[in-house]
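Before any comments, here is the structure.
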There are 2 protein chains.
Amino acid sequence: MRVASKKLLDDSLHERLATSGFRFTAQRQHVYSVLLRKRDHPTAEQVFIRAKRHMPEISMATVYNCLDALVECGLVRQVTLDRGATHFCPNMKEHCHFYCDVCSGVFDIDLPTQTTLSLPQGFRAERLDLAIHGRCPACSSRKR
Amino acid sequence: MRVASKKLLDDSLHERLATSGFRFTAQRQHVYSVLLRKRDHPTAEQVFIRAKRHMPEISMATVYNCLDALVECGLVRQVTLDRGATHFCPNMKEHCHFYCDVCSGVFDIDLPTQTTLSLPQGFRAERLDLAIHGRCPACSSRKR
DNA sequence: CTAGGTGCAAAAGGTTTGCGGTTAA
DNA sequence: TTAACCGCAAACCTTTTGCACCTAG
């Protein structure tokens, strides 16, 4: 990544955080960059491990704090698929997640749905989470 | 509930369990009846508390075992909406869940979606989970 | 008869909290 | 300057596991 584009990203991150009343910190910048680098729906612990490579002193509590701030200001989606750990996804395009019941892999799926859902009176929807459970290509081809 | 209809329910539960290779036990019967009695998406702990009223010696491990068996044999849906505890829902009609970000309430919503989603090659979908996050009627009318 | 289920208690896994020191705005 | 944030460690909550006993099939 070139310096100029990195600076732009940081400026935009700074602004997003500020808009939601958060401070711009090195930890939040780094956690966000970790998410952008490898978009594989890591758990908080996986983010922690990756973040520590370039920021060895970062703590788990801070990772949660950063992830929560990023979710709050609309840069990251929180994805809860089963009883296990929460996953985090920096892809904010409208899409859904495929969860493989066999290998627990998570995949982004572009959804073709026209989501014109009509909610009963009084409900105010803020976002949709469509999760598809099943078997991913690799696990489909393996014997069951 | 009349005895005849209860017997029918038990027979059907017995058959469903057997089909998936599970035994019919008093605990599974009771846990299922607890879920059917009050369809409010209880967590495992809430099921545990309710189940203990008529079966004081039941354990948490057994509640999880029973819930898992019921999920496995297609009588109960597992609903993971946030970082908190998993919810359980005995409504197997196609529907989605509304999760109130304010009060954490869970509501069944009849979904009008025609879900003709086209998955990429190789993915085999087994079920869909559509969760809508937002504010429920009560929390919408309260001030933010 | 015996594989599978139960209750108990302890362990594991994931997330949150309290606190003293640090820093962005 | 100071409210927000950080790192650390302990606490907390949810779920799983190991084991001795029991029971449905």
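In what follows, chains carry the letters A, B, and so on, assigned in the order in which the sequence lines appear, proteins first and then strands, with residues in each chain numbered from 1. Since the model is a prediction, treat every value here as computed from it, not as a measurement.
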By ring-ring contact (aromatic ring centres under 6.0 Å, His included), B/His87 pairs with (sequence neighbours left out) none
Rounded to 10°, the angle between the first-five-pair and last-five-pair axes of the helix from C/dC1-D/dG25 to C/dA25-D/dT1 is 50°
- Message: OP1 or OP2 of C/dT16 versus the side-chain N and O atoms of A/Tyr64: is any pair under 4.0 Å?
- Response: no
Whole-Å distance, B/Ile58 CD1 to C/dT6 C1', equals 9 Å
Side-chain heavy atoms of A/Leu35 within contact of A/Leu67, under 4.5 Å:
yes
ring-ring contact (aromatic ring centres under 6.0 Å, His included) pairs touching residues 11-36 of chain B, sequence neighbours excluded, are B/His14-B/Phe24
For residues 11-35 of chain B, the salt bridge (charged side-chain N to carboxylate O under 4.0 Å, His left out) pairs (sequence neighbours left out) are B/Lys7-B/Asp11
Those residues at least two apart in sequence (or on a different chain) that pass salt bridge (Lys or Arg N to Asp or Glu O under 4.0 Å) with B/Arg37 are none
Q | pair A/Val34-A/His54: side-chain heavy atoms closer than 4.5 Å | A | no
Rounded to whole Å, CD1 of A/Ile49 lies from P of C/dG14 at a distance of 11 Å
* Asked: Do side-chain atoms of B/Ser140 reach the backbone of A/Gly122 as a donor and acceptor pair under 3.5 angstrom?
  -> yes
Separation of C/dG13 atom P from A/Met60 atom CE, nearest Å, is 14 Å
Output for pair (A/Ile132 CD1, B/Leu119 CG), nearest 0.5 Å, gives 4.5 Å
Within residues 19-36 of chain A, the residues having a heavy atom closer than 4.0 Å to DNA chain C are A/Arg23, A/Phe24
I'd like a list of close polar pairs between nucleotides 17-20 of chain C and the protein, N/O only, cut-off under 3.5 Å.
none

From CG of B/Asn65 across to C1' of C/dC8 the rounded distance in Å is 14 Å
Under a 4.5 Å cut-off applied to non-hydrogen side-chain atoms, are A/Gln121 and B/Pro137 in contact? no
Min and max contacting nt of DNA chain D in 5' to 3' order, chain B heavy atoms within under 4.0 angstrom, are D/dT14 to D/dG25
query: Counting N and O atoms only, with roles assigned by atom type, does the side chain of A/Ser20 sit under 3.5 Å from a partner on the main chain of A/Leu17, one being a donor and the other an acceptor?
result: no
Residues A/Met92 and A/Gly74: closest non-hydrogen pair is CE-O, 3.3 Å
Scanning both residues in full, the closest heavy-atom pair of A/His95 with A/Arg77 reads O-NH1, 3.0 Å
To the nearest angstrom, the CG-C1' distance between A/Leu67 and C/dG14 comes to 13 Å
Residues of residues 74-86 of chain A with a heavy atom under 4.0 Å from any atom of DNA chain C, listed by number, are A/Ala85, A/Thr86
Could you tabulate the donor-acceptor pairs under 3.5 Å formed by side-chain atoms of residues 55-62 of chain B, not counting sequence neighbours?
unit_1: B/Ser59; atom_1: OG; unit_2: B/Thr62; atom_2: N; d: 3.2
unit_1: B/Ser59; atom_1: OG; unit_2: B/Thr62; atom_2: OG1; d: 3.1

Notebook entry, point to check: Counting only side-chain N and O atoms of B/Ser59, is one of them less than 4.0 Å from OP1 or OP2 of C/dT6?
Noted result: no
Please table the atom pairs, donor to acceptor, closer than 3.5 Å between any side-chain atom in residues 40-49 of chain B and protein atoms at least two apart or in another chain.
unit_1: B/Asp40; atom_1: OD1; unit_2: B/Arg50; atom_2: NH1; d: 3.0
unit_1: B/Asp40; atom_1: OD1; unit_2: B/Arg50; atom_2: NH2; d: 3.4
unit_1: B/Asp40; atom_1: OD2; unit_2: B/Lys38; atom_2: NZ; d: 3.0
unit_1: B/Asp40; atom_1: OD2; unit_2: B/Arg50; atom_2: NH2; d: 2.8
unit_1: B/His41; atom_1: NE2; unit_2: B/His97; atom_2: NE2; d: 3.4
unit_1: B/His41; atom_1: NE2; unit_2: B/Asp108; atom_2: OD1; d: 2.5
unit_1: B/Thr43; atom_1: OG1; unit_2: B/Gln46; atom_2: N; d: 3.3
unit_1: B/Gln46; atom_1: OE1; unit_2: B/Thr43; atom_2: N; d: 2.8

Distance col, row B/Cys136:SG vs A/Arg124:CZ, nearest 0.5 angstrom, shows 10.5 Å
Please tabulate, one pair per line, all N/O donor-acceptor pairs under 3.5 Å involving side-chain atoms of residues 98-106 of chain A, not counting sequence neighbours.
unit_1: A/Tyr99; atom_1: OH; unit_2: A/Asp82; atom_2: OD2; d: 2.4
unit_1: A/Tyr99; atom_1: OH; unit_2: A/Ser104; atom_2: OG; d: 3.4

